[in-house]
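Read the structure below first, then the notes.
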Amino acid sequence: MIFGLRGCRFALLLAVGVQGFAWLASRAQTTPARASAVDAGLAMTPPMGWNSWNKFGCNVDEKLIRDTADSMVSSGMRDAGYQYLVIDDCWHGQRDAHGDIQADPRRFPSGIKALADYVHAKGLRFGIYSDAGTETCAGRPGSRGYEFQDAARYAAWGVDYLKYDWCNTSTQNAQASYAIMREALNRTGRPIVFSLCEWGTAKPWLWAASVGNLWRTTGDITDKWDGKAHAYDNGVMTIVDLNEPLWPYAMPGHWNDPDMLEVGNGGMTQEEYKTHFSLWAMMAAPLIAGNDIPRMTPEIRSILLNKEIIALDQDPLGKQGRRVRKDGDLEVWVREIAGGNRAVLLLNRGAAPADIHFAWEELGYPARLKATVRDLWKASDAATTEGSYTAHGVPSHGVAVLSIEPAL
Ligand code: GLA
């Protein structure tokens, strides 16, 4: 901690600003202090849900959200674990005369509370987006100076998840700015998952476990296999290489977030989407779908709803997988699973199919161990063997995802 308690309070007051402080003071007598929500049992496994940004950008309205809620139920996504439905940027209108944020009256004529009620009635949880700066990335009102007021409003609307962005923050300190919204959320007494979207700039993995439940580790994802679209937009392989070394920081309640899924958005092949989804599961990443759910094809549904890959992502031990070997385009990844199994992901970044071999010692198992190898995508046992295993013909840009279960 940089400040002592007094310094901390002083910094908080400065940053909240006069308006925020006056409002806070008026509430202080009526709202009891609460225990921190960050450790209140939220996000004990990586959050799963859907977010509007990757497919729809600013083109959001209440019909889209209702249709998406309906189809999250009818497609089986809700029952597969996708519980948070999050509206990203551009839901906002202006602040009213009291400074209270309003929804865009043209796009959300029924208001956010009615929409949250609709989403809740479907058995889903409701999420929203704001920004620590003066404006969001798309130029809507940010929460700076209104943190407590906005948090109270979100809680009154029934918000269960807040994604909090980092545009237009000038010289703000990231740790202090996110801590203020953390305090404001705690003040509401409502359990709200707090998603830090700071793109990894201030290394949130070093400090954010006491602040939020997940933190972005990279710039934005874009719907392509590799490389960058421009400075801030990264293909899937680029993100994987940035997020992989951060494996020691993930734990139940606190996750590295390599950004939302692009599965189904059209820029990659079916094989590449399977790989994207598998790597997110190996990295214990939040699984926030970003596609058009009402128009999802059966092929895309078969990826997003794959039970065994979802179970891998949601493993209760909460350890992030890591790469243990890289031979040119061929990689071996390992993840420790609750109960002593290992998950292994074999990745082929190359242009032609390849055989990929690995030995038990690379997984931290003794060579003499007899184990059953299960292929998660095929949902079948591949072999019971000792010491090593070879997956044959791993497709170009494809994976084999295996569970290694010690045999008695
Ligand atoms: C940033 C975030 C994205 C999205 C947009 C919205 O780029 O990283 O995930 O929220 O802002 O404007």
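Values in this document were obtained by computation on a predicted structure and should not be read as measured data. Order of listing sets the numbers, starting from 1, for every ligand and every atom in it.
Annotation for ligand 1: atoms under 4.0 Å from non-hydrogen atoms of Cys137 are 1 (C), 11 (O), 12 (O). Of all atoms in ligand 1, numbered sequentially from 1 with element shown, those under 4.0 Å from a heavy atom of Cys197 are 2 (C), 8 (O). Atoms of ligand 1 lying under 4.0 Å from at least one heavy atom of Trp199, given by number and element, are 2 (C), 8 (O). Close approach of ligand 1 to Arg216 is summarised as follows: ligand atoms under 4.0 Å from at least one heavy atom of the residue are 8 (O), 9 (O). Close approach of ligand 1 to Trp53 (heavy-atom distance below 4.0 Å) involves ligand atoms 4 (C), 5 (C), 6 (C), 12 (O).
Among Asn51, Asp88, Asp259, the residue whose heavy atom lies nearest to atom 6 (C) of ligand 1 is Asp88. Proximity annotation for atom 7 (O) of ligand 1: of Thr218, Asp220, Asp257, Asp220 comes nearest, heavy atoms only.
Salt bridge status for Arg325 with Glu362: present, with a side-chain N to carboxylate O gap under 4.0 Å. Salt bridge Asp233/Lys228: absent, no basic N to carboxylate O contact under 4.0 Å.
Heavy atoms of Tyr232 come nearer than 4.0 angstrom to ligand 1 in no pair at all. Residue contact annotation: Trp166 has no non-hydrogen atom under 4.0 Å from ligand 1.
In terms of protein heavy-atom proximity, atom 11 (O) of ligand 1 is nearest to Asp165 OD2, 2.8 Å. Looking from atom 9 (O) of ligand 1 to the surrounding protein, the closest heavy atom is Lys163 NZ, 2.7 Å.
Ring centers of Tyr164 and Tyr178: under 6.0 Å apart, within the cut-off.
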